[in-house]
Amino acid sequence: MQLNFTKMHGLGNDFVMINAIDQDVNLTNPMIKAIADRHQGIGCDQLLMVEASPVADCDFRYRIFNSDGSEVEQCGNGARCFARFVVDQGLTDKTEIPVLTAGGRIVLNLREDGQVTVDMGEPQLLPAEIPLAMPEQQVRYSHTLEDNGQVEFSAVSMGNPHAVLVVDDVDTAEVESIGSEFQRDEVFPQQVNVGFMQVIDRQQVRLRVFERGVGETMACGTGACAAIVAGRLQGLLDTPVTVILPAGKLEIHWAGEHSPVMMTGPVATVFHGTINI
Ligand SMILES: N[C@H](CCC[C@H](N)C(=O)O)C(=O)O
């Protein structure tokens, strides 16, 4: 199968974008892994696909696949790139674009300055919604990992599951060790994205994220949303908050329970190509 694609990134979290409306696409899990492979394929953290929407209140269906081939519910940096992509592909000329994901309906807003604001929907906090194998909802959970011992974390779903640890210094956080151990622990039955948040002050944080299905990425949009929700529930943060990542910044706004999380940040188109897969 020959596929046209566009390579994009949101703060270094990089994507292969596929228009499955204007071309016949039938990708298997092994094919997605091969495309994502950084040595024998194109290379990406996630593969994102635009399809026709099956529902009236969304313009498109937005499908998300991690580099390990797993299909997941949500991708925040990808959502910003998706907005740019559907316009550049001539699929819409709107600047406010409702899309359907496996994690629910989100709304993308293309701004005059080229950045994109996404209404990421309301965070989910009940253990069953994360999912998290804990008896009741808490602001902070305590759990003992086999190798890393006792850890304290908050748990938030943005459609996809997140654990958020507050750390003194992201540069010395055990991102790889704790992040990978959480994937093997039954406390998160569908695995989990693990965020390590350093609070600079009430309006700024630094963040590193070990992503489910990928490993540590340069940025994680849903991870930034989950981190700010966790920080605000713990009384550590105001709103909006600037999330400082290695390749740039995201602005996250959350007014509180029963409010959507609003994420604003940049997008970049790197190149267009064709791949035989
Ligand atoms: N690894 C995530 C999906 C991509 C999330 C991230 N790239 C973002 O920008 O939100 C998961 O398995 O839920």
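Because the structure is predicted, anything quoted here is derived from the model rather than measured. Start at 1 with the first residue, then count along the sequence. Atoms within a ligand are numbered from 1 in the order they appear, just like the ligands themselves.
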Any chance the side chains of [X] and [Y] put a donor and an acceptor closer than 3.5 Å?
X: T101; Y: Q74; value: yes
X: T217; Y: D45; value: no
X: N148; Y: S177; value: yes

Legend entry - Separation of M31 CE from M1 CE (nearest 0.5 Å):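 If we round to the nearest 0.5 Å, M1:CE and M31:CE are 4.0 Å apart.
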State the atoms of ligand 1, each with its element, that fall below the 4.0 Å cut-off from a heavy-atom position in [X].
X: Q74; answer: 3 (C), 4 (C), 5 (C)
X: Q46; answer: 1 (N), 3 (C), 4 (C), 7 (N)
X: N193; answer: 1 (N), 2 (C), 11 (C), 12 (O), 13 (O)
X: G221; answer: 8 (C), 9 (O), 10 (O)
X: N77; answer: 8 (C), 9 (O)
X: N66; answer: 1 (N), 2 (C), 3 (C), 11 (C), 12 (O)

Legend entry - Whether F82 and Y62 hold their rings parallel, tilted or perpendicular, with breakpoints at 30° and 60°: tilted
Inset, instruction - Identify whether the distance between the nearest side-chain nitrogen and carboxylate oxygen of E73 and R212 falls below 4.0 Å. - result: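 Yes.
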Legend entry - Nitrogen or oxygen of N160 less than 3.5 angstrom from that of ligand 1: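 Such a contact does occur with ligand 1.
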Inset, instruction - May I ask you to check if ligand 1 and G76 share an N or O to N or O distance below 3.5 Å? - result: yes
Legend entry - Result of checking H162, Q191, Q46 against E211 for side-chain contact (heavy atoms from CB on, under 4.5 Å): Q46
Inset, instruction - Say whether D45 and ligand 1 are in contact under the criterion: heavy-atom distance to a ligand atom below 4.0 Å. - result: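 Checking ligand 1 against D45, which is what was asked, there is no heavy-atom contact under 4.0 Å.
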Legend entry - Non-hydrogen atom of G213 closer than 4.0 Å to ligand 1: no
Give me the residue, atom name and distance of the protein heavy atom closest to [atom].
atom: atom 10 (O) of ligand 1; result: T222 OG1, 2.6 Å
atom: atom 5 (C) of ligand 1; result: E211 OE1, 3.5 Å
atom: atom 7 (N) of ligand 1; result: N13 OD1, 2.8 Å

Legend entry - Contact summary for I21 and A52, nearest pair of heavy atoms: CG1-N, 3.6 Å
Inset, instruction - List the atom of A227, the atom of L237, and the distance in Å for their closest heavy-atom pair. - result: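 Reported closest heavy-atom pair: O-CD1, 4.5 Å.
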Inset, instruction - Examine the proximity of ligand 1 to M158 and report which part, side chain or backbone, both or neither, has a heavy atom under 4.0 Å away. - result: neither
